[in-house]
2 protein chains.
Amino acid sequence: MRADRRRRLERAGWTVGDAGDFLHLTDEERRFVDTKLALAEGLRRWREQLGMTQTQVAKRFGSSQSRVAKMEAAHRTVSTDLLLKSLFRLGANQRDIARFLNQKPRVHAA
Amino acid sequence: MRADRRRRLERAGWTVGDAGDFLHLTDEERRFVDTKLALAEGLRRWREQLGMTQTQVAKRFGSSQSRVAKMEAAHRTVSTDLLLKSLFRLGANQRDIARFLNQKPRVHAA
DNA sequence: TGCCAGTATGTCTAATCTGACATACCATGA
DNA sequence: TCATGGTATGTCAGATTAGACATACTGGCA
């Protein structure tokens with residue numbers, strides 16, 4: 001579970017030392033990352049719900065598929081601003097966002 | 001109420017044409033701005049709750065009072081990333097954020 | 001196996017955001 | 001009235017992020 005979490009973060013572009021000192025992320029940082037992951041997951045679920053591909057979404061955004069992939073991966077070059085704007089562009093509203101934040105992360109839960 | 005809302009946005013640095021065509025903010029933009037305002041208000045309330053001044057908060061952040069003022073004003077040069085990080089640094093958590101988002105805005109409500 | 005749609009990753013340049021500083025505003029109390 | 005503490009606004013240089021493009025991975029199916 002710790003390892004899984006770390007993998008997710010690394011995939012997301014966070015250069016984490018190695019497993020042990022993973023904890024020199026401060027509490028704030030951890031909360032921030034978790035929030036970003038929640039939004040990213042929310043975005044992916046929302047897109048899938050709409051039955052759209054990343055490419056289709058990218059086109060609608062006037063952006064590129066690669067950028068959408070990074071959004072959903074909560075990559076470090078992706079801001080929460082971008083995640084929020086993207087969700088809104090796909091029709092989500094403020095309450096949907098709040099819902100995503102209250103949702104327990106599905107992946108590193110097991 | 002419309003006028004009040006507009007004033008808030010202008011104070012926040014959004015160049016809004018004039019009252020009438022205020023509506024050429026798209027839905028997405030409006031939702032995004034509202035979200036930012038909610039976080040900004042949340043930050044101010046959180047700080048006041050802690051009985052701190054903007055200057056004190058700035059010092060704790062390693063930032064400046066002017067930046068804190070802009071955060072609380074949801075100024076356009078302030079990202080939601082900064083707002084979230086700031087809230088987390090003051091001890092808020094993801095659920096607190098969700099709560100802020102579900103809260104009806106106090107100001108342009110009347 | 002070889003294709004293909006969908007997704008992921010790396011790296012550029014332009015645009016945006018950050019903290020700092022200077023300065024202005026705004027109440028309240030002497 | 002004028003200090004003073006707290007808050008707001010404008011601007012700038014350095015840091016970070018956006019979209020684009022190239023390219024690589026992945027799973028399914030002929």
Side-chain angles (χ1 to χ4, degrees), chain A residues 7-16 28-29 32-33 35-37 39-90 107, chain B residues 7-16 28-29 32-33 35-37 39-90 107:
Chain A
R7 205 172 46 74
R8 277 174 61 79
L9 287 173
E10 288 183 343
R11 273 183 61 226
W14 300 85
T15 46
V16 176
E28 297 98 271
E29 288 168 332
F32 180 66
V33 170
T35 299
K36 225 163 128 173
L37 284 174
L39 293 176
E41 268 181 33
L43 178 60
R44 188 186 300 271
R45 288 207 300 271
W46 197 270
R47 171 178 66 79
E48 288 171 346
Q49 196 65 34
L50 295 176
M52 299 178 79
T53 69
Q54 291 182 344
T55 307
Q56 291 174 317
V57 165
K59 179 162 290 182
R60 184 189 291 191
F61 285 2
S63 180
S64 54
Q65 178 270 326
S66 67
R67 215 87 245 291
V68 175
K70 279 165 185 152
M71 291 181 210
E72 296 187 354
H75 191 272
R76 77 184 169 324
T77 67
V78 168
S79 70
T80 57
D81 290 73
L82 187 59
L83 288 171
L84 290 172
K85 282 177 184 162
S86 299
L87 279 161
F88 291 144
R89 273 189 280 228
L90 291 184
V107 184
Chain B
R7 204 171 47 73
R8 278 175 60 82
L9 287 173
E10 287 182 344
R11 271 182 63 223
W14 300 85
T15 46
V16 175
E28 297 99 271
E29 288 168 333
F32 179 67
V33 170
T35 299
K36 226 162 127 175
L37 284 174
L39 293 176
E41 267 181 34
L43 179 60
R44 188 188 299 272
R45 288 208 300 271
W46 197 270
R47 171 178 66 78
E48 288 171 347
Q49 196 64 34
L50 295 176
M52 299 178 77
T53 68
Q54 292 182 342
T55 306
Q56 291 173 316
V57 164
K59 179 162 289 181
R60 183 189 290 192
F61 285 2
S63 180
S64 55
Q65 178 269 326
S66 67
R67 216 84 244 293
V68 176
K70 278 165 186 151
M71 290 181 213
E72 297 186 352
H75 191 271
R76 79 187 168 319
T77 68
V78 168
S79 70
T80 57
D81 288 72
L82 187 58
L83 289 170
L84 289 173
K85 283 178 183 161
S86 299
L87 279 161
F88 291 144
R89 276 190 278 230
L90 290 184
V107 183

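Just so we're on the same page: letters track the sequence lines, and every chain starts at 1.
When all heavy atoms of B:A40 and B:M71 are compared, the closest pair comes out as CB-O, 3.3 Å. Pairing each heavy atom of A:L39 with each of A:L87, the nearest pair is O-CD1, 4.1 Å.
Listed for the A:K36 side chain is no donor-acceptor partner under 3.5 Å among the backbone atoms of A:L83.
Distance NE2/A:H75 to OG/A:S66: 10.5 Å, rounded to 0.5 Å.
In this structure, A:Q54 atom CD and C:dA5 atom C1' are separated by 12 Å, rounded to whole Å. Between the NZ atom of A:K59 and the C1' atom of D:dG19 there is a distance of 15 Å, given to the nearest Å. If you measure from atom CZ of A:R44 to atom P of C:dA8, you get 5 Å, rounded to the nearest angstrom.
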Treat primed atoms plus P, OP1 and OP2 as sugar-phosphate and everything else as base, then score nucleotides 12-22 of chain C 5' to 3': B for base contact with protein heavy atoms under 4.0 Å, S for sugar-phosphate contact only, - for none. -----SBBBBB
Using the side chain to side chain contact (heavy atoms under 4.5 Å, CB included) rule, take A:K85 and A:R89 through it: C-alpha gap first, then chi angles, then the decisive distance, then the call. CA-CA 6 Å; A:K85 282 177 184 162; A:R89 273 189 280 228; 4.0 Å; yes
